[in-house]
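Note: hydrogens, waters and symmetry copies are ignored here, and every other heavy atom, side chains too, is used.
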Amino acid sequence: MKKYIVLVFMLLGLLIGGLPAPLHAAEKKPATTDKKVKKGKKKTPGSADYSPLNFLPFGVGQFRQGRPLMGGVLGGGQLVMLYLYTDRKKQIDASNADATATIAEIKAAGGAPDADTQDYLTRNAAYVKKTNSEANLCLAGFLGLYAASVVDAVWDPFGTR
């Protein structure tokens, strides 16, 4: 998967998740005099909400605040980034295991590697290096989405609450 495609999807997810959803006014029922209604502090855009749940990953803070679309976008993005990271690491492990087996066969035979084997080992090293950089990019994407999730849940810079 190309890194640019992942970055474009991350940015689109953040942009779409930041759009305010239209609110439809519901009919209010008259309040009864038997029960007292408590009104909590309303969160204004830019005010901070330092609840511990806002610091959890996977959009927990957004879900807690009643913004499932934004929570789903951020949480889904984080899940995708973690999946891609673990997938790349598994590919690296499998490739390294193949290269180690090839080197062990060469040592068991007691000879030097031929040109094809040497070419395979060189290509394998380049593949491992490229896949490791992709894995690191996916981990950075996860951390970036996690940071965006925390900033959005705590400070609400776009005023979407």
Side-chain angles (χ1 to χ4, degrees), residues 1-22 43 45-161:
M1 179 182 246
K2 300 279 185 184
K3 338 179 207 194
Y4 302 110
I5 294 172
V6 172
L7 289 174
V8 166
F9 279 118
M10 285 175 29
L11 291 174
L12 284 176
L14 287 173
L15 290 174
I16 291 171
L19 295 176
K43 301 291 181 195
S47 66
D49 179 11
Y50 294 108
S51 171
L53 292 176
N54 289 340
F55 293 94
L56 294 177
F58 308 115
V60 171
Q62 285 76 16
F63 284 115
R64 183 186 145 279
Q65 294 169 354
R67 298 184 296 149
L69 180 65
M70 186 67 153
V73 168
L74 291 171
Q78 290 174 28
L79 282 173
V80 167
M81 289 292 122
L82 276 181
Y83 171 76
L84 290 174
Y85 173 77
T86 56
D87 183 55
R88 297 301 186 260
K89 286 299 186 179
K90 286 179 186 176
Q91 290 175 3
I92 290 170
D93 291 342
S95 184
N96 282 338
D98 289 344
T100 303
T102 303
I103 292 171
E105 288 175 7
I106 292 170
K107 286 184 180 179
D114 60 350
D116 289 338
T117 307
Q118 190 62 34
D119 185 45
Y120 164 73
L121 292 175
T122 304
R123 282 185 288 123
N124 184 56
Y127 172 77
V128 166
K129 186 176 179 181
K130 178 184 83 75
T131 308
N132 195 32
S133 67
E134 289 175 2
N136 290 337
L137 180 66
C138 291
L139 186 60
F142 168 77
L143 293 174
L145 284 172
Y146 172 64
S149 173
V150 169
V151 166
D152 182 59
V154 173
W155 290 285
D156 192 29
F158 301 116
T160 58
R161 278 191 207 146

For residues 73-81, dump all side-chain donor-acceptor pairs below 3.5 Å to protein atoms at least two apart in sequence or in another chain.
unit_1, atom_1, unit_2, atom_2, d
Gln78, OE1, Phe58, N, 2.6
Gln78, NE2, Leu145, O, 3.3

In a table with atom names and distances, give each donor-acceptor pair under 3.5 Å that connects a side chain of residues 100-107 to protein atoms at least two apart or in another chain.
unit_1, atom_1, unit_2, atom_2, d
Thr100, OG1, Asn96, O, 2.7
Thr102, OG1, Asp98, O, 2.9

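Considering only residues two or more places apart in sequence or on other chains, Tyr85 meets the side-chain contact (heavy atoms from CB on, under 4.5 Å) condition with Lys89, Ala135, Cys138, Leu139. In this structure, Thr86 has no side chain to side chain donor-acceptor pair (under 3.5 Å) partners at least two apart in sequence or on a different chain. The side chain to side chain donor-acceptor pair (under 3.5 Å) search around Asp119 returns Arg123, not counting sequence neighbours.
Note that CG of Asp87 is 12.5 Å distant from CG of Leu82, once rounded to the nearest 0.5 Å. Atom-to-atom distance recorded for Leu137:CG and Glu134:CD is 8.0 Å, nearest 0.5 angstrom.
Atom CZ of Phe55 is surrounded by more than 12 heavy atoms from other residues, nucleotides or ligands within 6.0 Å.
Proximity of Arg64 to Leu56: side-chain heavy atoms (C-beta onward) are nowhere separated by under 4.5 Å.
Screening residues 137-151 for side-chain hydrogen bond (donor to acceptor under 3.5 Å, both in side chains), with sequence neighbours left out, gives Gln62-Ser149.
Between Gln118 and Pro113 the shortest heavy-atom distance is OE1-CG, 3.5 Å.
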Practice task
Verify side chain to side chain donor-acceptor pair (under 3.5 Å) between Thr117 and Asp114, making sure each step is shown before the conclusion.
Solution key: CA-CA 5 Å; Thr117 307; Asp114 60 350; 2.4 Å; yes
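Checked by atom type and distance alone, the side chain of Thr131 pairs as donor or acceptor with a backbone atom of Tyr127 at under 3.5 Å. Without hydrogens or angle criteria, Asp49 side chain to Asn54 main chain gives no donor-acceptor distance under 3.5 Å.
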